Protein chains: 2
Amino acid sequence: MAGTLDTKVQAQSLVDVVAERLEAAIISGQLEPGAKLSEQGLAASLGVSRGPLREAIRRLEGRKLLERTPNIGVRVKQLSLQDLNEILQVREALEGLACSLAARNMPDAEIAALKRMLDGHEKQKSVQENTGYYHEEKNLDFHFSIVAGSGNARLIQMLSGDLHYLLRVYRHKARPKPGRAAQVLREHRAIVTALERRDPVAAEQAMREHLRHARRYVEEQLAAEGEAETGPAPMGRTRTLD
Amino acid sequence: MAGTLDTKVQAQSLVDVVAERLEAAIISGQLEPGAKLSEQGLAASLGVSRGPLREAIRRLEGRKLLERTPNIGVRVKQLSLQDLNEILQVREALEGLACSLAARNMPDAEIAALKRMLDGHEKQKSVQENTGYYHEEKNLDFHFSIVAGSGNARLIQMLSGDLHYLLRVYRHKARPKPGRAAQVLREHRAIVTALERRDPVAAEQAMREHLRHARRYVEEQLAAEGEAETGPAPMGRTRTLD
DNA sequence: TATCTGTAAACTGTTGACAGTTTGGCCTGC
DNA sequence: GCAGGCCAAACTGTCAACAGTTTACAGATA
């Protein structure tokens, strides 16, 4: 059997283990948005009973990762174009706050590490050629470092927990414009500069501007895609470019 | 029996009903922070089995309203002073965003209604005498109107769903400073003025300044209280002034 | 051929019972 | 009188089974 999870002893309850597994599967994209979860099937493949599984599902439901329709079943939350835009607006405000706090609280060493990280990115071929990707993994690393540097636990949880998976999801859908990579790098540098100056206002502004660009950019991408479709334009797995 | 809930037909599942009940009880303060919930007792008094109750609890757990310790039980989430401060920081950023969006999206009629609401408050005796309260209920109404006017569903859900109960909780603990009521009213007027001008930047700034004051103020109140205690200063039900 | 209907299978919603852990009290010994 | 350990009751964690609903398929009819 390929799914039994009796590896970890139950220092934490079964529900915790199952919830973590599900979250990981959703974030990693292994469970695609809109995918239906069969309780029986999942319980069997995870090697647990339906009870704990249902409780784990309820928890993720409370975090808006899953969605249940009575008597029908549960699906991975599917986002409309409008949902995505709304969430990105929220992210803009929250990461702006995080950056402001980081300007005050982040240790010098971590800021220096951030700067070195950007130096590394600059040398990356794809950025130099202005064609590539600015590999999103590293983009996320950059943002997460700053969020973590804010020192606000609730904020960290919101941004890296609940919104994290969204960035992963639309990452597959947003194809970078040529020239964007270099611009992103410039904006990142502006942010780090503000952090080094320990200027919360400038840091917040730089981050929000950066994310506003990213949002506008994603909006264009998705709007163009949305025009071709009808209805509320659910952004599911229309294109998987892995 | 004083707790059977077979009034509503089950267009929604038992779990939904129970979760709503629990949330209401938490928000209203009927279940105080730190209070322990007995599964058996609750299930009996609600007239449901333990299964659905546990699932409802898990959902609220995902929303950070409840907290479970393995093999011990579940308690209403208790906030430390630091938690509260962090949450208020987040609220500052989010309501700032809400106000900025409201400046763009809120219908003229609703802004006018907001203005009338403030006129009503001004005539209130407690405000004129600068002694009273500026009755917090109405304060919340004001903020909720603006949040609702933002048109961002996710934002509305975050602010009026998950953070709502916090405002209720610390409301019981923060005693107003003399003179504060008049200041609050001034700040509210400044916000409405910015909304009328349809100036998103000014509106956001006004709201954030207003909330920053409120936060500083609450910080003082609680810091003074916290000094007397030891440890992480859990703010539970040290004083209930109902 | 297409549509409607009825039946059966599959799945979700709920319940009750069993196993393991914690907690509180009581007793014994120092 | 006090500390430590043992025992029992209560509670949480988990599971298997039952009831109700939805869905899909097959057959009949227009």
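Letters A, B, ... mirror the listed sequences (proteins, then strands); counts begin at 1. Everything quoted here is computed from the prediction, not taken from an experiment.
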Touch class at under 4.0 angstrom, heavy-atom based, for A:Glu39 against every strand present: sugar-phosphate
Pairing residues for A:Glu23 by the salt bridge (charged side-chain N to carboxylate O under 4.0 Å, His left out) criterion, not counting sequence neighbours: A:Arg63
Pairs meeting criterion salt bridge (charged side-chain N to carboxylate O under 4.0 Å, His left out) with involvement of residues 98-107 of chain B, two or more places apart: none
Test salt bridge (charged side-chain N to carboxylate O under 4.0 Å, His left out) applied to A:Asp83 - qualifying residues, sequence neighbours left out: none
Counterpart residues, side chain to side chain contact (heavy atoms under 4.5 Å, CB included), relative to B:Glu67 (two or more places apart): B:Lys77
Nucleic acid contacts - residues 49-63 of chain B versus DNA chain D, non-hydrogen atoms under 4.0 Å: B:Arg50, B:Arg54
B:Arg68 side chain, from C-beta outward: closest of C:dT12, C:dT15, D:dG13: D:dG13
Protein-nucleotides 19-23 of chain D N/O pairs closer than 3.5 Å?
none

Distance, rounded to the nearest Å, where B:Gln40 contributes CD and D:dA10 contributes P: 9 Å
Set of side chain to side chain donor-acceptor pair (under 3.5 Å) partners for A:Arg68, sequence neighbours left out: A:Glu39
Which residues share a side chain to side chain donor-acceptor pair (under 3.5 Å) with B:Asn85, sequence neighbours left out: B:Arg215, B:Glu219
A:Arg58 and A:Glu61: CA distance, side-chain angles, deciding distance, salt bridge (charged side-chain N to carboxylate O under 4.0 Å, His left out) verdict: CA-CA 5 Å; A:Arg58 294 294 187 183; A:Glu61 209 177 306; 3.3 Å; yes
Partners passing side chain to side chain contact (heavy atoms under 4.5 Å, CB included) against A:Ala113 (at least two apart in sequence or in another chain): A:Arg116
